[in-house]
Structures are given as structure tokens and as C-alpha cells.
Amino acid sequence: MMSSLFLIIAASTLAAAHTIITYPGWRGDNLISNSTFPYGMQWMYPCGGMPLTTNRTYWPTTGGAVAFQPGWFQGHSTAFLYVNLGIGSDGPDGGPLNMSLPMVPPFQLLGPSNNPFPGTVCLPQVPLPTNLTVKAGDNATIQVVEIAQHGAALFSCVDIIFVEPGDSRLAEVNETNCLNSTELGFAELYTITTKAVGSTANATLSSATSLVRSSSSWLGYTPLLLGALWFLA
Ligand SMILES: *[C@@H]1O[C@H](CO)[C@@H](O)[C@H](O)[C@H]1NC(C)=O
Ligand SMILES: *[C@@H]1O[C@H](CO)[C@@H](O)[C@H](O)[C@H]1NC(C)=O
Ligand SMILES: *[C@@H]1O[C@H](CO)[C@@H](O)[C@H](O)[C@H]1NC(C)=O
Ligand SMILES: *[C@@H]1O[C@H](CO)[C@@H](O)[C@H](O)[C@H]1NC(C)=O
Ligand SMILES: *[C@@H]1O[C@H](CO)[C@@H](O)[C@H](O)[C@H]1NC(C)=O
Ligand SMILES: *[C@@H]1O[C@H](CO)[C@@H](O)[C@H](O)[C@H]1NC(C)=O
Ligand SMILES: *[C@@H]1O[C@H](CO)[C@@H](O)[C@H](O)[C@H]1NC(C)=O
Ligand SMILES: CC(=O)N[C@H]1CO[C@H](CO)[C@@H](O)[C@@H]1O
């Protein structure tokens with residue numbers, strides 16, 4: 001099934017494609033734009049416009065592999081990636097009400113260019129969200145979120161049913177369906193605090209000029225705007 005998915009994807013290479021979960025599968029093809037989704041389906045929270053499905057994929061109760069192709073749309077020479085889990089059936093479509101359980105720390109994707117690019121990302125052992133325990137037979141949904149350079153988010157999901165590790169119904173994970181392509185790179189995201197909550201540092205400024213000066217270090221890459229600020233000052 002997975003190899004046929006790869007073929008379908010390869011055949012639509014130059015379509016305006018987005019994120020495709022190649023393992024353990026996806027809810028279905030949401031790479032389209034039409035009058036219902038004029039901006040493209042995959043921008044719709046929480047699952048790129050795809051409602052809950054019933055053809056669930058088996059996935060281990062101890063966590064397992066998630067692989068996806070992130071480069072099927074322009075504007076992703078860098079992107080932030082998130083993998084979340086949703087549980088329960090309180091959502092409007094009978095699926096999860098939210099996808100609020102992070103499974104891995106978010107990370108940055110480094111792509112080869114800003115145009116659509118091939119390549120896959122393989123996370124071979126995505127754990128269950130912290131403090132969540134599940135049992136065989138439980139349902140859940142895995143969500144992959146890709147934040148584009150301009151801050152908009154692409155969503156893709158797969159509905160799963162948990163089974164014990166080693167269950168014969170689990171699709172084998174191997175180098176053909178789960179690999180990191182050489183053309184893709186990764187970076188960790190760090191948070192550097194520039195003003196601690198509750199601190200007064202930087203809160204009071206002596207004059208409008210100092211506001212502009214402190215802005216200049218953030219806006220150094222926008223000389224036109226900076227020029228306007230100096231003019232105002
Ligand atoms: C579920 O069915 C849809 C529609 O046939 C298909 O596009 C999708 O790939 C299937 N999902 C899985 C995980 O098999
Ligand atoms: C747009 O595509 C979605 C998904 O296939 C479908 O549910 C919807 O009815 C389509 N809208 C139109 C106007 O064809
Ligand atoms: C899990 O989802 C399937 C349909 O995909 C449904 O038939 C089944 O009742 C659900 N199981 C639980 C425990 O909710
Ligand atoms: C997310 O969904 C779960 C399961 O339905 C629910 O317990 C939780 O309160 C929801 N969280 C938020 C922030 O809505
Ligand atoms: C792919 O790269 C990610 C990010 O560095 C890493 O967590 C993962 O283990 C790699 N996958 C494989 C199969 O090595
Ligand atoms: C997990 O549970 C422990 C113990 O109850 C708690 O201290 C911790 O904050 C929980 N972590 C998360 C991410 O909910
Ligand atoms: C990899 O696993 C898939 C099933 O997930 C299987 O169809 C394929 O033959 C396997 N490939 C290799 C090289 O073992
Ligand atoms: C004017 C001023 O106090 N600037 C400080 C704002 O906070 C950063 C990060 O803590 C400092 O590096 C600046 O000196």
C-alpha cells in the first residue's frame with residue numbers, strides 16, 4: 001500500500017502539493033484547491049480539511065514510526081515540524097476534539113530550495129505523548145503540522161488504532177518507507193529568553209529614539225521600514 005502511495009505521489013510531482021504522511025498513511029488526498037477550499041485544503045485545522053476516517057492504520061501502543069514528505073509546496077526552504085496526537089471522540093466529526101498532545105519536540109526542516117522538493121523525513125520511534133497510556137484497541141489520530149516560512153500551517157492526519165508491538169497487522173517499517181533523504185536537513189529549535197516574564201528590563205524606554213534604535217536590531221533586514229522609522233523619529 002505504501003509503495004503504491006509513493007507512485008501516486010511521484011506521478012503528481014508538480015501539482016501544488018504539500019505534506020504527505022507516507023507512514024503509517026494518511027486520511028486521504030487533501031492536496032487540492034477548489035471552490036470549497038480556495039486556498040487549498042491542507043491549510044485547514046486540524047487535519048487539512050479531511051474528516052475522520054474509518055480505515056484506521058495499526059500503530060503500536062509503545063509508539064512507532066512516522067514518515068512524511070514535507071516538500072510538496074513552495075515556500076518551505078525552511079519549515080517547523082510538529083507531530084501531535086489527538087484522542088477521544090468529542091470532535092464535530094466524531095474524532096478528537098483537539099490535537100493538543102505533542103509527541104516529539106518541534107524541529108526545523110532545512111530544505112534544498114524554496115521550490116517544491118522531493119524527499120522524506122523518517123521519525124523511526126515517535127513516542128506516545130508524555131503521561132498518556134493507551135491500550136490495544138484504542139483509537140487516536142496522529143497529526144503532522146508544517147509551519148511555512150510565512151507562519152501559515154499545513155495539516156495532515158492519519159487515524160490509527162493501537163495494537164501491541166509485534167502485532168502482525170503492523171506494516172513493516174524499513175528503508176523503503178521510512179528514510180531521511182540526503183537532500184533534507186534538520187535543526188533544533190531553541191528558545192532564548194529576551195525578556196523574562198515579570199521583569200522590567202526593556203519595559204521602559206527613555207525616548208522614541210531609543211525605541212527606534214532597539215527596533216533596528218530586529219528590523220535590520222528591512223531597510224525601507226527602518227528608514228521610515230528614522231524619519232518618524
Ligand atoms: C483511507 O481511505 C482513503 C480513501 O480511499 C485513502 O485515500 C487513504 O489513503 C486510506 N488511508 C489509509 C491509512 O489507508
Ligand atoms: C472540494 O474538494 C473536497 C474534497 O474532495 C470536497 O469535499 C468538496 O465537495 C469539493 N468542493 C467542490 C465545490 O467541488
Ligand atoms: C474506533 O474507530 C472505529 C471506526 O474507525 C469504530 O468502529 C470503533 O468503535 C472505535 N473504537 C472505540 C473504542 O471508540
Ligand atoms: C482536548 O481533547 C481532550 C479529549 O477530548 C479533552 O479532554 C481536553 O479537554 C481537550 N483540551 C482542550 C484544550 O480543548
Ligand atoms: C531522521 O532525522 C531526524 C531528525 O534529526 C531523526 O530524529 C531521525 O532519527 C532520523 N531518522 C532516521 C531513520 O535516522
Ligand atoms: C506528567 O505527570 C507528572 C506527575 O503527575 C507531572 O508532574 C507532569 O507535569 C506531567 N507532564 C505533563 C507534560 O503533563
Ligand atoms: C518494506 O515494508 C513494506 C511494508 O510496509 C513492504 O511492502 C516492502 O516490501 C518492504 N521493503 C523491503 C525492502 O523490505
Ligand atoms: C535598553 C535595554 O535595557 N536593553 C536590554 C533589553 O534586554 C536584552 C536582553 O536581556 C539586553 O541585552 C538589552 O541590553
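In each ligand, atom 1 is the first atom listed, and ligand 1 is the first ligand listed.
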When you measure from atom 14 (O) of ligand 2 to every protein heavy atom, which one gives the shortest distance, and what is it? N34 ND2, 3.6 Å
Does atom 7 (O) of ligand 2 have a protein heavy-atom neighbour under 4.0 Å away? no
Would you give the length of the straight line joining atom CG of N84 to atom CD of Q143, rounded to the nearest 0.5 angstrom? 5.0 Å
Can you confirm whether something in the protein, heavy atoms only, sits under 4.0 Å from atom 2 (O) of ligand 3? yes
What residue and atom, counting heavy atoms only, is the protein's closest point to atom 9 (O) of ligand 2, and at what distance? T36 OG1, 4.2 Å
Checking the N or O distance criterion of under 3.5 Å, is ligand 5 in contact with C122? yes
Closer than 4.0 Å and a protein heavy atom, does any atom meet both conditions relative to atom 11 (N) of ligand 3? yes
Ring centers of F80, F107 separated by less than 6.0 Å: no
Between SG of C178 and OH of Y23, what distance do you get to the nearest 0.5 Å? 8.0 Å
Under 4.0 Å between heavy atoms, the region of I32 that gets near ligand 2 turns out to be side chain
Measure the CZ-CG distance between F162 and L128 for me, rounded to the nearest 0.5 Å. 5.0 Å
Pairwise distance CG(L110) to OG(S77) - rounded to 0.5 angstrom: 9.0 Å
I need the nearest protein heavy-atom contact for atom 5 (O) of ligand 3: residue, atom name and distance, please. R56 NE, 2.8 Å
So for ligand 2, is S35 a polar contact partner (N or O within less than 3.5 Å, distance only)? no
If we only consider heavy atoms of M41, is any one of them less than 4.0 Å away from an atom in ligand 2? yes
Could you pull out the closest heavy-atom pair between G119 and S181, with the gap in Å? CA-OG, 3.1 Å
Could you identify the single nearest non-hydrogen protein atom to atom 13 (C) of ligand 3 and state the distance to 0.1 Å? G137 O, 4.1 Å
Angle class for the Y45/F155 ring planes (parallel below 30°, perpendicular above 60°, tilted otherwise)? perpendicular
For G48 and N30, work out which heavy atoms get closest and say how close. O-ND2, 3.2 Å
